[in-house]
Amino acid sequence: MNQDDSKPGANFIRNLIDADQQAGKHGGRVTTRFPPEPNGYLHIGHVKSICLNFGIAKQYNGQCNLRFDDTNPAKESEEYVNAIKDDVSWLGFEWSGLHHASDYFDQLYDFAVDLIKQGKAYVDSSSAEEMRSMRGTLTEPGIESPYRNRTIEQNLELFASMKAGEFDDGEHILRAKIDMTSGNINMRDPALYRIRKISHVRTGDKWNIYPMYDFTHCLSDAIEGITHSLCTLEFADHRPLYDWVIDQLDTPCHPQQIEFARLQLEYTMLSKRRLIQLVNDKLVDGWDDPRMPTVLGLRRRGYTPESLKDFCERIGITKNDSVIEMAVLETCIRDDLNANAERRLAVLDPIKVVITSLPKEHSQTLSFQNHPQDESAGTRAYEFNREVYIEREDFAENPPPKYQRLVPGGEVRLRGCYIIKCTDVIKNDAGEIVELHCTHDPDTLGKKPEGRKVKGVVHWVSAKTSLTATIRLYDPLFSTSNPAAAESFESEVNVDSVTVMSNARIEPSLAQAAPETRFQFERTGYFVADRIDHSQQAPVFNRVVTLRDVWAKP
RNA sequence: UGGGCCGUCGCCAAGCGGUUAAGGCACCGGGUUUUGAUCCCGGCAUUCGGAGGUUCGAAUCCUCCCGGCCCAGCCA
C-alpha cells in the first residue's frame with residue numbers, strides 16, 4: 001500500500017550528507033557499511049542500523065557494504081556469519097560488497113609497521129593488570145609505561161616476533177603512542193594488536209596476533225572507501241582515535257564517523273550478551289523464539305520485512321537517549337497486515353453451538369470475501385451446518401455492562417451468516433457450559449433483521465468441516481517496561497508469555513497454507529503459519545499481534 | 001569532581017533567528033461498518049529542561065544552572 005519510494009524522513013545525518021553533497025565532498029559519492037561482529041544473531045537494534053546504512057546508500061545512489069568485523073576469533077563463528085547474511089537478505093537489502101576485516105589483516109599489519117617506523121607505536125611488555133593500573137582513572141591522568149621509549153628497531157623486532165608466534169598470549173602488546181594524560185581514556189596509548197594464539201575462522205593459523213577494533217575499523221572503512229561511517233553513540237569517544245589512526249597513515253580516504261542513538265524498546269532488551277543468556281538458560285526456545293527481539297524471532301513471530309522497515313522510518317534517527325513504545329512496532333505490523341493479509345475464520349477456544357431450528361443434515365455453502373477492502377482478493381466458499389463452534393468468550397451467562405455478544409435469550413449474528421438466538425445453555429455435572437442451543441432467523445442472511453437491531457457479530461466455524469489446530473498466543477517476554485535496568489533481568493521474565501491453544505478450530509483451507517503465510521483471523525488478530533512447525537496434518541499458527549481493541553482496554 | 005554526548009506534547013520526532021511550534025504513535029470524542037477491526041472527521045505544546053542575556057524579533061545565538069546517558073577490555 002505504501003509507495004515504496006516515499007521520501008525518507010529528515011534527520012541530522014541526512015542533513016549532514018546533504019551539506020557534504022552541496023560542498024562536493026568525496027566527489028558526491030556516498031558509501032556506507034553495516035559492520036556486525038559475527039558473534040551473535042541480529043536483533044531489531046541492528047535492523048535500525050541496517051535500514052539507516054542501506055537506506056542512505058539508496059537515497060544517494062551510493063553503495064553499502066556488508067562487512068564482518070571479525071577481529072576476535074575467540075568469539076566469532078561461521079554460524080553467525082551465515083545467519084547475519086540470511087537476515088540482511090530477508091530484510092530485503094543487497095550489499096554492494098561483502099567483506100571481512102580479516103581480508104585486510106596483511107594491510108593492517110603493514111600499517112602497524114608503518115606506525116612503529118614513525119615512532120608512533122610501541123611494544124609494551126606490561127601485564128594487563130599493570131597496564132590498567134598505569135591507565136589512571138576517569139578523573140586522574142595515566143602514567144607512561146616503562147616500555148614506552150623502546151627504540152624503533154626494538155619495536156620492529158618485537159612486533160615481528162609477536163607475529164611469528166614467539167610469545168604467548170599476553171606477554172606483549174602493540175600500543176599507539178599518543179597521550180597518557182588525555183581526558184579521553186581511549187587516547188591513553190590504546191592497544192592496537194594483541195597476541196592470540198588461536199585459529200581464526202577465515203585465516204586459520206596464519207596469525208598469532210590480531211588487530212583491535214580501534215585500529216581495524218577505521219582502516220577497514222578507509223580501505224573500502226567508506227564516506228560516512230555510521231555507528232552508535234558509545235563510539236563517540238573513539239572518534240578522536242579513529243581520526244588519529246587515519247591521519248598518521250597513508251590511506252585512500254578519510255571516512256567521517258557519525259554517531260546515532262541505539263534503539264531501546266519497551267518490554268524487551270537489546271543486548272547481545274543478555275540475549276545469549278536467555279537462550280543458554282533456556283528461558284526462551286532459541287534465537288528464533290517468537291518472543292525474541294532477534295530478526296529470526298520477529299520473523300518467526302510473523303513480522304514482515306516491510307513492517308520492520310516502516311518501524312525504523314517512524315522512529316527516526318537522533319542522538320537522543322529515547323525509548324520506543326511497543327505500540328509503535330505493533331502499529332507497523334497491523335498496518336501492513338491490515339492491508340495485505342487475507343481474512344479467515346478461526347476459533348481459538350471453541351464451544352459448540354447447535355442450531356436446533358435446522359435439520360440435522362443441513363448444509364449450506366456461503367461465499368466469504370477474503371478482504372473487506374480489497375475486492376481483488378476474491379471470495380471463498382464457506383460451509384454452514386447445524387453445529388458450529390464459536391469462541392467461548394463470545395457467550396456470557398452474566399454479561400458485563402455493554403457486552404454485545406451472545407447471552408441467554410439474546411441474539412447475535414454469526415459472521416456472514418444468520419442471526420441466532422440462544423435458547424438453552426447446556427451444562428455438565430460440574431456446572432460447566434458444554435454446549436449452547438440456538439435457533440436461527442432464516443430471514444437474516446445478507447440482510448438486517450426486521451424491527452430490531454442486533455449489534456453483536458461473532459466469528460464461527462462449522463463443527464463438521466473445521467480442523468483442529470494449535471495456535472500460540474504471545475505476551476511480552478518481560479513483565480516490566482525496562483528489564484535491562486533490573487538487578488537481574490532474568491527475574492523480569494514473564495513466565496506466562498506463551499499461551500498454547502491446542503484445540504483451536506480453523507476453516508479447512510488454512511491447513512494448506514504455506515509456512516509464513518499471514519492471515520487476519522477475524523476478531524482475534526493477525527496470525528502466521530509457523531515456518532518450522534506448521535504442516536497440513538498438524539497446523540500451527542502464531543499470533544503476530546492482536547487487533548486493536550478499544551473494548552478490551554483495561 | 002577528567003573527557004564525550006543529550007534534553008521540543010504521555011512516547012517518538014521535524015524545526016537551524018521572523019512558522020498559527022510539522023508529522024507519527026498513544027489518548028479523547030463523533031461518523032460509516034455483518035470484524036467492538038479497518039476507514040473517515042475532529043480534539044490534543046501561546047510553548048521548546050530552568051534562569052539570565054543578545055536582538056525589532058529566540059526552540060533556534062551567548063552565559064550560568066538543573067537533569068540524563070556513555071567512557072577506566074590485551075571486547076566490539
Side-chain angles (χ1 to χ4, degrees), chain A residues 9-12 15 35-37 39 69-72 74-76 124 126-128 131-133 135-142 169-175 181-188 190-196 209-210 212-214 216-217 231-240 259 261 266 272-273 313-332 334-335 338-339 343 345 371-373 402-405 412-417 419 444-448 454-459 520-525 546-553:
Chain A
N11 65 48
F12 79 99
N15 291 162
E37 180 186 14
N39 69 342
D69 230 330
D70 56 350
T71 57
N72 187 353
K75 288 184 167 182
E76 298 150 7
D124 195 327
S126 307
S127 67
M131 268 181 62
R132 191 182 325 120
S133 67
R135 189 154 31 232
T137 68
L138 292 179
T139 53
E140 298 159 328
D169 288 14
E171 279 194 71
H172 305 283
I173 193 155
L174 184 74
R175 289 229 255 175
T181 68
S182 173
N184 182 346
I185 292 175
N186 294 295
M187 299 300 271
R188 320 238 263 228
L192 264 24
Y193 264 91
R194 77 289 217 186
I195 299 171
R196 276 285 177 287
I209 55 173
Y210 292 94
M212 302 287 291
Y213 165 86
D214 284 308
T216 309
H217 204 92
C231 63
T232 44
L233 246 27
E234 67 271 24
F235 291 102
D237 285 340
H238 295 245
R239 186 169 6 105
E259 310 86 17
E266 282 191 341
K272 237 185 237 179
R273 196 194 103 233
E313 196 53 52
R314 291 192 198 211
I315 61 176
I317 298 289
T318 66
K319 299 177 89 139
N320 299 345
D321 185 22
S322 53
V323 182
I324 311 296
E325 293 177 341
M326 266 299 179
V328 181
L329 221 207
E330 293 184 341
T331 293
C332 291
R334 284 194 188 110
D335 276 5
N338 175 52
R343 312 286 117 126
L345 263 35
H371 192 115
Q373 279 86 232
K402 296 195 179 162
Y403 187 78
Q404 38 179 263
R405 286 110 95 175
V412 82
R413 176 181 292 279
L414 292 180
R415 166 111 250 231
C417 192
I419 286 175
T444 54
L445 184 62
K447 53 165 107 160
K448 291 191 178 9
V454 174
K455 236 182 163 184
V457 179
V458 140
H459 57 99
Q520 182 195 96
F521 290 172
E522 293 198 31
R523 303 211 311 130
T524 60
T546 60
L547 254 32
R548 195 165 155 270
D549 188 355
V550 178
W551 162 255
K553 280 263 140 61

Minimum-distance nucleotide (side-chain atoms of A:N72 versus B:rU8, B:rC74, B:rA76): B:rA76
Sugar-phosphate only, base, or nothing, as touched by A:H238 at under 4.0 Å among non-hydrogen atoms: base
No-hydrogen, no-angle side-chain donor-acceptor test under 3.5 Å, A:D124 and A:S126: yes
Nucleotide opposite B:rC75 in a Watson-Crick or G-U pair, distances under 3.5 Å: none
From B:rC75, B:rG4, B:rG2, nucleotide with atom closest to A:A236 side chain: B:rG4
Inter-nucleotide C1' distance (B:rA72, B:rC25), Å rounded: 40 Å
Residue-phosphate contact under 4.0 Å: A:T71 side-chain N/O, B:rA76 OP1/OP2: yes
Anti or syn - B:rG52, cut at 90° from 0: anti
Phosphate-side-chain proximity, A:S322 and B:rA13, N/O vs OP1/OP2 below 4.0 Å: yes
Same-atom distance (P) from B:rG49 to B:rA21, integer angstrom: 16 Å
Span that lies between the P atom of B:rU1 and that of B:rU19, in whole angstrom: 38 Å
Sugar-phosphate, base or nothing in reach of A:M131, heavy atoms under 4.0 Å: base
Sugar-phosphate, base or nothing in reach of A:E234, heavy atoms under 4.0 Å: sugar-phosphate
Euclidean distance for P, B:rG23 against B:rC40 (whole angstrom): 15 Å
Quiz item: A:R405 side-chain donor-acceptor pair to B:rG36 base, under 3.5 Å: yes
C1' gap between B:rG52 and B:rA14, integer Å: 28 Å
Nearest-Å distance once atom P is located in both B:rC64 and B:rG3: 14 Å
Touch class at under 4.0 angstrom, heavy-atom based, for A:S126 against every strand present: base
Any strand: nucleotide that pairs with B:rG67 via Watson-Crick or wobble, under 3.5 Å: B:rC6
Side chain A:R413 and base B:rU34 donor-acceptor under 3.5 Å: yes
Residue mapping more 5' on RNA chain B - nearest nucleotide basis, A:I315 or A:N184: A:N184
Complementary nucleotide of B:rU1, counting Watson-Crick and G-U pairs under 3.5 Å: none
Minimum-distance nucleotide (side-chain atoms of A:M212 versus B:rU35, B:rA13, B:rC75): B:rC75
Residue A:I324, side-chain heavy atoms: nucleotide from B:rA37, B:rC74, B:rC12 that is nearest: B:rC12
Watson-Crick or G-U wobble mate for B:rG52, both contacts under 3.5 Å: B:rC62
Sugar-phosphate only, base, or nothing, as touched by A:S127 at under 4.0 Å among non-hydrogen atoms: base
Whichever of A:A128 and A:D321 has its nearest RNA chain B nucleotide further upstream toward 5': A:D321
Sugar-phosphate, base or nothing in reach of A:G446, heavy atoms under 4.0 Å: base
Options B:rC74, B:rC6, B:rG36, nucleotide nearest the side-chain atoms of A:K402: B:rG36
B:rG7 versus B:rA45 - spacing of their C1' atoms, nearest Å: 16 Å
Sugar-phosphate only, base, or nothing, as touched by A:L138 at under 4.0 Å among non-hydrogen atoms: base
Whole-angstrom distance between B:rA22 and B:rC65, as gauged at atom P: 33 Å
Touch class at under 4.0 angstrom, heavy-atom based, for A:T331 against every strand present: sugar-phosphate
